[in-house]
Amino acid sequence: MDNVTVRQGESATLRCSVDNRVTRVAWLNRSSILYAGNDKWCLDPRVVLLANTKTQYSIQIQDVDVYDEGPYTCSVQTDNHPKTSRVHLIVQVSPKITEISSDISINEGGNVSLTCIATGRPDPTITWRHISPKAVGFISEDEYLEITGITREQSGEYECSASNDVAAPVVQRVKVTVNYPPYISDAKSTGVPVGQKGILLCEASAVPSADFQWYKDDKRLAEGQKGLKVENKAFFSRLTFFNVSEQDYGNYTCVASNQLGNTNASMILYEETTTALTPWKGPGAVHDGNSGAWRRGGCVWLLALPLAQLARQF
């Protein structure tokens, strides 16, 4: 028995070799007659006669579907005895994902079970992979993907692929969101001179995104407070002082929270000073950048040059 393999939707040609001794010929599908000589016996418009010559008797089944699969028989009658030849029609079907898990949100440490069901002929091979720069290769070659004690690094999209070499693989993705409490990754103290603009920055990662609050000592800072601006984004909060005064210096606490927990970090806004000469405020006046006070003392080095000149004269 010969096999004829076609893909679903294509046309299948069934050929039967004959010679001049043949008196009658017919094509049958199981026990049903499709064609007898030039006469069509079946009602299916997809079945047509291709050739009825002294050497070949062929029919074609158009737009093949899975129910067309099976044995076909060419029956030949000669003067001596009847003869048959059989052909088995194989219909291949492209893979199709019929069921896949919905997007899921789960707390860190929980267990995840993803399902991907696909059909096709032959049966498709199903694989799962994590769409992530750190992920390497497939993580499952099965309809089911089990993740125990999921971590935040395992969040993202998971791709199910179904392939059977009949057509290009079909893929669908499931988004897995891993929720976890806030973690402050950056919070640094900052030095700013009096009268200048100062910024304290608090960066935190969390899912869902963290809500930020700022405190100075035990007092919460509110948005719109004079001279301050609190800017909250998904992953950071910025506290801006437009004109730093002595009263602004001190300890500040950033609190990041979501429904899974909270964390905090402390930082200091301190006075940044530099020692520098300033315009004259009287004889020998020098500005002490550390204390902010004026003191006399410049006369020591201001008189050094005239005394040296007097020494050379004597």
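All values below come from the heavy atoms of this structure, side chains included, with hydrogens, waters and symmetry mates left out.
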Is there a donor-acceptor contact under 3.5 Å linking the side chains of [X] and [Y]?
{"X": "E271", "Y": "T273", "value": "no"}
{"X": "E146", "Y": "Y144", "value": "no"}
{"X": "T177", "Y": "D103", "value": "no"}

Are the side chains of [X] and [Y] in touch, meaning some heavy atoms are under 4.5 Å apart?
{"X": "L221", "Y": "Y252", "result": "yes"}
{"X": "E108", "Y": "T151", "result": "yes"}
{"X": "W214", "Y": "L200", "result": "yes"}
{"X": "V166", "Y": "P122", "result": "yes"}
{"X": "Y72", "Y": "V4", "result": "no"}
{"X": "V194", "Y": "Y249", "result": "yes"}
{"X": "C16", "Y": "V76", "result": "yes"}
{"X": "S205", "Y": "Y180", "result": "yes"}

Does [X] belong to the same Ile/Leu/Val/Met/Phe/Trp/Tyr cluster as [Y], with side-chain heavy atoms less than 4.5 Å apart forming each link?
{"X": "L239", "Y": "M267", "value": "yes"}
{"X": "L14", "Y": "V64", "value": "yes"}
{"X": "V25", "Y": "L34", "value": "yes"}
{"X": "L260", "Y": "V176", "value": "no"}

Inset, instruction - Evaluate the criterion side chain to side chain contact (heavy atoms under 4.5 Å, CB included) for residue pair V207 and R152; output intermediate values, then yes/no. - result: CA-CA 9 Å; V207 177; R152 65 193 69 178; over 6 Å; no
[X] atom [atom1], neighbour heavy-atom count above 12 within 6.0 Å:
{"X": "Y183", "atom1": "OH", "result": "no"}
{"X": "F235", "atom1": "CZ", "result": "no"}
{"X": "D165", "atom1": "CG", "result": "no"}

Is it true that a side-chain atom of [X] and a backbone atom of [Y] form a donor plus acceptor pair closer than 3.5 Å?
{"X": "H88", "Y": "E69", "value": "no"}
{"X": "S161", "Y": "T127", "value": "no"}
{"X": "T73", "Y": "S75", "value": "no"}
{"X": "N164", "Y": "V93", "value": "yes"}
{"X": "Y57", "Y": "A26", "value": "no"}
{"X": "T240", "Y": "I199", "value": "no"}
{"X": "Q60", "Y": "L50", "value": "no"}
{"X": "T98", "Y": "I117", "value": "yes"}
{"X": "N111", "Y": "G149", "value": "yes"}
{"X": "D186", "Y": "E203", "value": "no"}

Would you name the heavy atoms of [X] and [Y] that are closest together and state the gap between them?
{"X": "I268", "Y": "N251", "answer": "CG1-OD1, 4.0 Å"}
{"X": "I126", "Y": "C116", "answer": "CD1-O, 3.3 Å"}
{"X": "N258", "Y": "S209", "answer": "CB-O, 4.2 Å"}
{"X": "P182", "Y": "T263", "answer": "O-CG2, 3.6 Å"}
{"X": "C254", "Y": "F212", "answer": "SG-CD2, 3.8 Å"}
{"X": "V230", "Y": "S237", "answer": "CG1-OG, 4.1 Å"}

Please round to the nearest 0.5 Å and tell me the distance separating atom [atom1] of [X] and atom [atom2] of [Y].
{"X": "I90", "Y": "N3", "atom1": "CD1", "atom2": "CG", "value": "4.0 Å"}
{"X": "R220", "Y": "Y215", "atom1": "CZ", "atom2": "OH", "value": "5.5 Å"}
{"X": "R24", "Y": "T78", "atom1": "CZ", "atom2": "OG1", "value": "12.0 Å"}
{"X": "R7", "Y": "R121", "atom1": "CZ", "atom2": "CZ", "value": "15.0 Å"}
{"X": "E157", "Y": "R129", "atom1": "CD", "atom2": "CZ", "value": "10.5 Å"}
{"X": "I150", "Y": "T148", "atom1": "CD1", "atom2": "OG1", "value": "10.0 Å"}

Legend entry - Sidechain N-carboxylate O distance under 4.0 Å for D19, R21: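 A salt bridge is present here (some side-chain N lies under 4.0 Å from a carboxylate O).
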Inset, instruction - Answer yes or no: is there an ion pair linking D65 with R46, defined by an N-O contact shorter than 4.0 Å? - result: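 No.
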Inset, instruction - Might you work through the side chain to side chain contact (heavy atoms under 4.5 Å, CB included) test for C74 and V87, ending with a clear yes or no? - result: CA-CA 8 Å; C74 176; V87 174; over 6 Å; no
Inset, instruction - Apply side chain to side chain contact (heavy atoms under 4.5 Å, CB included) to I147 and Y158, showing your working. - result: CA-CA 12 Å; I147 305 175; Y158 286 79; 3.6 Å; yes
Inset, instruction - Show your reasoning for whether side chain to side chain contact (heavy atoms under 4.5 Å, CB included) applies to F241 and V192. - result: CA-CA 10 Å; F241 304 82; V192 182; over 6 Å; no
